[in-house]
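From a predicted model like this one, the values you see are computed outputs, not experimental measurements.
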Amino acid sequence: MTRIEPIIGVNDVKESSRWYQTLLNCKSNHGGNTFEILTNEAGHTILCLHQWGEHEHPTLSSPKVKPGNGLILYFRVDDLDVHWKNAKHLNATIEEAPHLNQNSGEREFSLRDRDGYFITVST
């Protein structure tokens with residue numbers, strides 16, 4: 001089995017962790033100021049947050065390069081309406097309100113996280 005566990009560079013691990021926990025109804029499985037593991041209800045890692053410049057990783061060295069170029073964080077959820085309410089509660093920057101994606105045939109919405117990453121939440 002192969003699974004992906006994306007790691008993104010963020011400016012404030014604790015605040016980004018709270019933001020994603022609110023949006024995705026996930027939970028912290030690590031905690032801390034420099035690294036966080038977020039898991040779904042089954043305990044599977046869905047996203048890791050890494051403080052910029054920590055641990056000498058070459059691709060996580062500086063937030064001065066615009067984060068997210070060439071990247072979409074795409075989350076599939078069971079209840080889009082719950083996650084849409086969560087996004088509005090966060091006062092997130094909304095890129096697209098819930099709509100039917102004509103290509104996938106699925107409902108989705110898109111927004112930016114605290115660090116500018118583009119996120120799509122889809123059924």
Side-chain angles (χ1 to χ4, degrees):
M1 171 173 74
T2 302
R3 290 192 345 214
I4 186 168
E5 296 181 357
I7 301 172
I8 60 172
V10 298
N11 289 307
D12 187 322
V13 171
K14 286 185 175 185
E15 285 301 315
S16 291
S17 176
R18 283 191 272 275
W19 192 91
Y20 276 100
Q21 287 179 61
T22 298
L23 177 67
L24 299 172
N25 296 328
C26 59
K27 65 179 185 175
S28 168
N29 194 33
H30 187 275
N33 293 325
T34 61
F35 188 71
E36 171 70 283
I37 299 170
L38 299 172
T39 59
N40 64 15
E41 62 280 351
H44 297 140
T45 299
I46 59 171
L47 183 64
C48 298
L49 308 172
H50 195 289
Q51 179 70 42
W52 286 112
E54 292 292 325
H55 309 126
E56 300 178 20
H57 298 299
T59 58
L60 294 170
S61 62
S62 173
K64 293 179 182 173
V65 177
K66 185 170 173 91
N69 185 32
L71 173 73
I72 296 174
L73 293 172
Y74 193 89
F75 296 97
R76 290 219 180 247
V77 299
D78 292 330
D79 190 338
L80 192 75
D81 294 329
V82 167
H83 292 82
W84 174 242
K85 287 178 188 173
N86 293 346
K88 291 192 304 186
H89 174 74
L90 289 166
N91 294 317
T93 300
I94 305 299
E95 296 287 339
E96 295 179 299
H99 65 281
L100 179 65
N101 180 319
Q102 297 298 318
N103 294 319
S104 67
E106 302 288 345
R107 287 182 62 228
E108 65 181 38
F109 66 89
S110 298
L111 66 158
R112 297 281 178 164
D113 80 352
R114 295 170 38 84
D115 292 277
Y117 289 99
F118 189 87
I119 299 166
T120 296
V121 179
S122 176
T123 55

Please step through side chain to side chain contact (heavy atoms under 4.5 Å, CB included) for the pair W84 and L111, ending with a clear verdict.
-> CA-CA 10 Å; W84 174 242; L111 66 158; over 6 Å; no
Pair N101-S122, side chain to side chain contact (heavy atoms under 4.5 Å, CB included): steps then yes or no = CA-CA 9 Å; N101 180 319; S122 176; over 6 Å; no
Candidate pair N11 and W52, rule side chain to side chain contact (heavy atoms under 4.5 Å, CB included), full reasoning | CA-CA 6 Å; N11 289 307; W52 286 112; 3.4 Å; yes
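Residues L23 and F75 have side chains not in contact (no heavy-atom distance under 4.5 Å, counting atoms from C-beta outward). Between N40 and C26 the shortest side-chain heavy-atom distance does not fall below 4.5 Å. For the pair L73 and Y20, the minimum side-chain heavy-atom distance is below 4.5 Å. Within the 4.5 Å cutoff, the side chain of E108 has heavy atoms near those of the H99 side chain. A heavy-atom distance below 4.5 Å is found between the side chains of D113 and I8.
The salt bridge (charged side-chain N to carboxylate O under 4.0 Å, His left out) analysis of residues 19-48, with sequence neighbours excluded, yields no pairs.
Remark: K85 pairs with no residue by the side-chain contact (heavy atoms from CB on, under 4.5 Å) rule, at least two apart or across chains.
Between H50 and F35, the two ring planes are perpendicular [angle over 60°; tilted spans 30° to 60°].
In this structure, OG on S17 lies 9.5 Å from CG on L47, to the nearest 0.5 angstrom. If you take CG on D81 and CG on N86, they are separated by 11.0 Å, rounding to the nearest 0.5 Å. Note: I119 CD1 to F109 CZ = 9.0 Å, rounded to the nearest 0.5 Å. With values rounded to the nearest 0.5 angstrom, H44 atom NE2 is found 11.5 Å from N29 atom CG.
In this structure, R112 and G116 approach most closely via the heavy-atom pair NH1-O, 2.8 Å. When all heavy atoms are compared, the tightest approach of P98 to R107 is CB-NH2, 4.0 Å.
Of the options D115, T34, L38, a side-chain contact (heavy atoms from CB on, under 4.5 Å) to L49 is made by L38 and by none of the others. Applying the side-chain contact (heavy atoms from CB on, under 4.5 Å) test between T123 and each of L80, L100, D79 identifies L80 as the sole match.
By the 6.0 Å contact criterion, CG on D78 is open, its count of non-hydrogen atoms from other residues, nucleotides or ligands being 12 or less. No more than 12 heavy atoms of other residues, nucleotides or ligands sit less than 6.0 Å from atom NE2 of H89.
With respect to the salt-bridge test (charged N to carboxylate O, under 4.0 angstrom), the residues R18 and D12 do not qualify.
I46 and V82 fall into different hydrophobic clusters, defined by Ile, Leu, Val, Met, Phe, Trp and Tyr side-chain heavy atoms under 4.5 Å apart, directly or through other members.
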